Number of protein chains: 2
Amino acid sequence: MLTIGTLAKKTGTKVQTIRYYEQIGLMPEPGRTEGGQRRYGDAELDRLSFVRHARQLGFSLDAIRELLDLSDHPDKSCAEADAIARRQLKQVEQRLARLEALRTELKRMVRECSGGQTSDCRVLEVLRDHSECLTEHQDIGA
Amino acid sequence: MLTIGTLAKKTGTKVQTIRYYEQIGLMPEPGRTEGGQRRYGDAELDRLSFVRHARQLGFSLDAIRELLDLSDHPDKSCAEADAIARRQLKQVEQRLARLEALRTELKRMVRECSGGQTSDCRVLEVLRDHSECLTEHQDIGA
DNA sequence: TTACATCCTCTAGCTACTGTAGGTTCAAGC
DNA sequence: GCTTGAACCTACAGTAGCTAGAGGATGTAA
């Protein structure tokens, strides 16, 4: 049986994050010692590893909830899991495209800055006048 | 003079966002009508455009605060603005690298999914076992 | 004058955690 | 058996950057 601290170390998670996942129902309520401390088994270790790995791949907690549910029902069709992954891939690709446009624009700003006074700073000038931008960057690049 | 709604439309901002910027001191307190409604001039329009443009380029509100301050002092050196932009460029490039790793991994997951039952779904399998990943993706790809 | 779009303040909610305060439990060493 | 100190507990507040809603006041055109 693992303490919450050991589980945290094994999965690269903070203790508070594990308690948070329990609170929002992503992790089950574990057994407790007589004194009220949480104790975890292998099933919980696997589940938390799954969650953390999916987070590292950028899945939202809601998406992870769905994936966990699918994982709990081996008889269900794989199509749903596939759809969730494809959706995530699409999001990643959209963000990549946005970030690439940002990089282009930022690079240009930095390159053109000649290092004088702010009165004729290219960086500030470009920020002041959107029409100087060559690329589109409508959405905020989160 | 512009109402808050008109200013919002001209800059592609939500009305609430403008009030929020005022609240956190990013936008100045504007003049008011007798009835207490906000009225804006061209200076505010320029300032908000600057803010929104910087946001589109991914700058944080704190960074924007610094940039605005520099923009208000034309005699200061350009070096600071340049440093802020370079820092932002670096962040964008780091995020790009992370997202590219994620894309690789997600593509592989999706490609290998053969569409059967979840019991032998590649997507879920990869999530269960990190060691199946070819690329590194330590940080959460935000 | 009346209708109604737009404005006002205030508060709460979103994601996904992270940090802190103030107190309790566990396990090792003596 | 007793002490010590690390790790645990709950509860609540805070982070970024907005966004939404309630409930009421204002502005403007017909």
Side-chain angles (χ1 to χ4, degrees), chain A residues 1-27 29-40 44 48 50-68 87-88 91 95 98 138-142, chain B residues 1-27 29-40 44 48 50-68 87-88 91 95 98 138-142:
Chain A
M1 292 304 240
L2 307 167
T3 65
I4 196 168
T6 314
L7 181 65
K9 244 173 233 153
K10 273 179 187 277
T11 56
T13 315
K14 303 226 166 175
V15 166
Q16 286 103 317
T17 304
I18 298 175
R19 289 199 277 247
Y20 169 70
Y21 285 164
E22 180 184 329
Q23 199 184 308
I24 61 168
L26 207 61
M27 287 292 288
E29 289 185 24
R32 302 263 186 160
T33 62
E34 278 191 23
Q37 297 197 354
R38 292 168 178 82
R39 286 300 180 284
Y40 296 94
E44 281 103 333
L48 185 55
F50 185 106
V51 170
R52 294 310 290 177
H53 193 194
R55 283 297 295 138
Q56 284 172 355
L57 287 165
F59 289 93
S60 72
L61 293 183
D62 269 354
I64 293 171
R65 224 185 279 273
E66 291 183 69
L67 288 167
L68 280 168
R87 204 171 50 195
Q88 175 63 14
Q91 272 178 27
R95 266 191 281 172
R98 277 210 305 270
Q138 298 294 15
D139 282 3
I140 284 170
Chain B
M1 293 304 242
L2 307 168
T3 65
I4 196 170
T6 313
L7 182 64
K9 246 172 231 152
K10 273 179 186 277
T11 54
T13 316
K14 303 227 169 177
V15 166
Q16 286 102 317
T17 304
I18 298 175
R19 289 200 278 247
Y20 169 70
Y21 286 164
E22 180 185 328
Q23 198 185 308
I24 62 169
L26 206 60
M27 287 293 289
E29 288 185 25
R32 301 262 185 160
T33 62
E34 278 192 22
Q37 297 196 356
R38 291 168 178 83
R39 288 297 180 276
Y40 296 94
E44 282 103 332
L48 184 54
F50 185 105
V51 171
R52 293 311 288 176
H53 193 192
R55 283 296 295 139
Q56 284 172 356
L57 286 166
F59 288 94
S60 72
L61 293 182
D62 271 354
I64 293 171
R65 226 184 278 273
E66 291 182 69
L67 289 167
L68 281 168
R87 205 171 50 194
Q88 176 63 15
Q91 273 178 27
R95 267 191 282 171
R98 277 211 305 269
Q138 298 294 18
D139 282 3
I140 284 172

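None of these values were measured; they are calculated from a predicted model.
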Asker: Within the pair R38(B) and dC8(C), is there a side-chain N or O less than 4.0 Å away from OP1 or OP2?
Answerer: yes
Asker: Do the side-chain N or O atoms of Y21(A) get closer than 4.0 angstrom to the phosphate oxygens (OP1, OP2) of dC17(C)?
Answerer: yes
Asker: For dA20(D), take OP1 and OP2 only and decide whether either is under 4.0 Å from a side-chain N or O of K14(B).
Answerer: yes
Asker: Distance check: side-chain N/O of Y20(A) vs OP1/OP2 of dT15(C), anything under 4.0 Å?
Answerer: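 No, outside the criterion.
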Asker: Whether T17(B) contacts dG17(D) is assessed here as follows: a side-chain N or O lying under 4.0 Å from the phosphate OP1 or OP2. Is that the case?
Answerer: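 Looking at the OP1 and OP2 atoms of dG17(D), neither is under 4.0 Å from any side-chain N or O of T17(B).
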Asker: Looking at every strand, decide which applies to R19(A) at a 4.0 Å heavy-atom threshold: base, sugar-phosphate, or nothing.
Answerer: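 R19(A): base contact, heavy atoms under 4.0 Å.
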Asker: With DNA chain D as reference, determine whether S60(B) or T3(B) sits nearer its 5' end, using the nearest nucleotide of each.
Answerer: S60(B)
Asker: Tell me whether the OP1 or OP2 atom of dT9(C) has a side-chain N or O from R32(B) closer than 4.0 Å.
Answerer: yes
Asker: From C-beta outward on R39(A), which listed nucleotide comes closest to its side chain: dT18(C), dT19(D), dC26(C)?
Answerer: dC26(C)
Asker: Salt bridge or not for R38(B) and E29(B), using N-O below 4.0 Å?
Answerer: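 No, no charged N to carboxylate O under 4.0 Å.
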Asker: Apply side chain to side chain donor-acceptor pair (under 3.5 Å) to E66(B) and list each qualifying residue two or more places apart in sequence or on a separate chain.
Answerer: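 With sequence neighbours excluded, E66(B) shows a side chain to side chain donor-acceptor pair (under 3.5 Å) to no residue whatsoever.
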Asker: Taking atom C1' of dA25(D) as reference, at what distance in whole Å does atom CD of Q37(B) sit?
Answerer: 8 Å
Asker: Which one, dC18(D), dT19(D), dA27(C), comes nearest to the side chain of R55(B)?
Answerer: dC18(D)
Asker: In whole angstrom, give the distance that lies between atom CD1 of I4(B) and atom C1' of dT9(C).
Answerer: 12 Å
Asker: Does T33(B) put a side-chain nitrogen or oxygen below 4.0 Å from OP1 or OP2 of dG27(D)?
Answerer: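 Answer is yes, contact under 4.0 Å.
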